[in-house]
Amino acid sequence: MKDNKKQQAMTSPYDLNGRIPLSQAIPLGLQHVLAMFVGNLTPLLIICGACGIAAGSELQVSLLQNAMLIAGVVTLVQLYAIGPVGGNVPIIMGTSSGFIGVCRSIAGVMGGGVLGYGAILGASLIGGLFEGVLGFCLKPLRRFFPSVVTGSVVLSIGLSLIGVGIGSFGGGSSAADYGSLENLFLGFLVLIVIIALKHGTKGFTSSSSILIGIIVGYIAAAIMGMILPKTAINAEGQEYVKAWVLNWDKVASASWFAIPAFMPVKLVFDLRAIVPMMIMFIVTAVETVGDISGVMEGGLGREATDKELAGGVICDGFGSSFAALFGVLPNTSFSQNVGLVAMTKIVNRFALATGGIFLIFCGLFPKLAAIISIMPQSVLGGAAVMMFSSIVVSGIQLITKWPVTPRSVTIVSVALGLGYGLGSNSSILTQLPQNVQLIFGGSGIVPAALVAIILNVILPEDKTEKK
């Protein structure tokens with residue numbers, strides 16, 4: 001009887017706590033790494049540029065290496081928890097893009113350079129501790145996050161990512177050949193393969209459809225590189241390499257093994273950096289609540305518990321402080337991977353843990369990381385357009401979990417119409433103070449969450465909601 005129970009636990013990737021064979025867990029975990037790999041490194045590249053840290057310099061390479069290592073370590077803590085730190089939830093952690101705006105501002109105030117980057121890290125250390133403490137107080141605040149509020153936040157997260165996904169689908173919005181036939185072909189090829197495998201097959205090929213689709217995209221890009229021109233001429237007469245071309249030279253030049261550096265940048269503590277960073281950590285706590293709510297609803301069909309939300313937020317905060325000691329920007333839950341869970345329903349923590357371990361290996365073995373880093377944006381975009389839309393569906397499921405009332409319709413409508421609309425069209429905020437622009441401009445998640453929370457407090461409950 002015990003053997004039968006053990007065998008059942010070993011066979012379900014849809015079980016949160018079950019153990020599955022490594023042969024099944026590794027590809028399922030690798031899907032998550034491929035989905036977030038580029039997004040995990042992009043914030044560091046942008047902020048290094050803002051601080052004047054040279055591209056390809058020894059410091060930048062060290063920071064990128066540490067970013068992969070830390071993402072893997074914090075992911076494992078989130079999955080399995082150390083005491084109160086970690087929610088035991090199927091969440092992948094990584095370097096947050098939500099902090100790019102405030103980090104650029106801090107770099108400008110501090111005059112850039114390594115000193116400016118050090119001030120960002122010092123503020124991240126303090127801000128992370130602040131969010132961690134906030135997580136311990138989350139239970140009494142839970143009443144401010146009913147399903148209509150968390151659903152609005154999750155819906156806003158999904159809407160904010162759809163533009164990112166379609167941008168990758170076209171080859172990357174900054175690519176010189178953005179929207180070219182080659183990029184669109186790769187995007188559609190990956191998307192078609194994923195849909196065909198997910199709904200036309202069963203078992204391993206269905207659950208690993210994202211991974212297989214991306215591998216097919218890789219192979220197609222390699223073949224295209226053999227038969228199609230790799231370069232083109234832009235309007236200014238300058239030659240450029242097309243975005244879909246695989247840069248194997250980057251793999252060849254990467255080292256086989258590297259030891260991560262502890263505190264590669266000296267921490268600087270300055271109130272001009274700490275105050276805005278602490279505000280952003282409050283913001284990211286709300287987003288993390290939305291991510292955890294979305295992944296539990298989308299993957300398990302239930303709402304997140306107080307313990308799961310509190311542990312997740314605490315891990316967000318303390319994980320970011322830990323990241324700062326290795327020169328890495330704040331680590332938070334990755335919404336991209338929430339979409340992957342919502343789409344595949346694969347919530348198995350052991351499977352996701354193999355992805356976290358793979359990230360650690362990428363930090364220790366740069367050549368392995370280089371193989372993933374050359375992935376064309378259009379290949380990732382083919383998977384992203386479907387994954388990110390799945391987050392929107394999870395938000396709708398949360399909102400409609402209880403009977404839809406005029407009150408809930410008002411909350412969602414105003415949160416999306418006014419809140420998300422203000423944030424996603426940030427030019428409307430240009431006359432407001434810069435700190436307000438940094439916090440509320442950009443994705444639309446923060447203002448949507450704020451509006452939903454305020455309306456939930458001030459609007460009287462309907463009779464059906466009281467029951």
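These numbers come from the heavy atoms of this one structure, side chains and all, not from hydrogens, waters or symmetry mates.
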Would Lys367 and Ser255 count as a side chain to side chain contact (heavy atoms under 4.5 Å, CB included) if you check the C-alpha gap in whole Å, the side-chain angles of each, and the deciding distance to 0.1 Å? CA-CA 6 Å; Lys367 198 173 285 290; Ser255 59; over 6 Å; no
Check for a donor-acceptor pair, side chain of Asp177 on one end and backbone N or O of Ala243 on the other, with a separation under 3.5 Å. yes
Nearest heavy atoms of Val328 and Ala67, plus distance in Å: CG2-N, 3.6 Å
Mind checking whether Phe257 and Phe365 have parallel, tilted or perpendicular rings, split at 30° and 60°? tilted
Do Ile70 and Met93 touch side chain to side chain, with heavy atoms closer than 4.5 Å? no
Going by salt bridge (charged side-chain N to carboxylate O under 4.0 Å, His left out), name the pairs with one or both residues in residues 236-245, residues two or more places apart or in two chains. Glu182-Lys242
What pairs of donor and acceptor atoms, side-chain ones from residues 355-362 against any protein atom, are under 3.5 angstrom apart with sequence neighbours left out?
none

Please tabulate, for the side chains in residues 79-90, all donor-acceptor contacts under 3.5 angstrom to protein atoms that are two or more places apart in sequence or on a different chain.
| residue | atom | partner | partner atom | Å |
| --- | --- | --- | --- | --- |
| Tyr80 | OH | Phe350 | N | 3.4 |
| Asn88 | OD1 | Arg349 | NH1 | 2.9 |

Can you give each donor-acceptor pair under 3.5 Å made by side-chain atoms of residues 114-133, sequence neighbours left out, with the distance rounded to 0.1 Å?
| residue | atom | partner | partner atom | Å |
| --- | --- | --- | --- | --- |
| Tyr117 | OH | Gly327 | O | 2.7 |
| Ser124 | OG | Ile120 | O | 2.8 |
| Glu131 | OE1 | Gly317 | N | 3.4 |

Is Phe99 close to Thr332 at the side-chain level, that is, under 4.5 Å between some pair of heavy atoms? yes
Any salt bridge (charged side-chain N to carboxylate O under 4.0 Å, His left out) involving residues 252-274? Give me the pairs, sequence neighbours left out, ordered by first then second residue. Asp270-Arg272
What pair of heavy atoms forms the shortest contact from Val149 to Ala452, and how long is it? CG2-O, 3.7 Å
Using side-chain heavy atoms (C-beta onward) and a distance below 4.5 Å, is Leu246 in contact with Pro376? yes
Quick one: side-chain contact (heavy atoms from CB on, under 4.5 Å) partners of Pro43, sequence neighbours excluded? Thr95, Ser97, Ile100, Leu329
Would you say Leu159 and Leu416 make side-chain contact, with heavy atoms under 4.5 Å? yes
Is it true that a side-chain atom of Gln65 and a backbone atom of Ala258 form a donor plus acceptor pair closer than 3.5 Å? yes
Compare every heavy atom of Ile346 with every heavy atom of Leu352, then report the nearest pair and how far apart it is. CD1-O, 4.2 Å
Look at the rings of Phe318 and Phe136 and say which category their plane angle falls in: under 30° parallel, 30 to 60° tilted, over 60° perpendicular. tilted
If you look at every heavy atom in Gly290 and Val153, which pair is closest and at what distance? CA-CG1, 4.0 Å
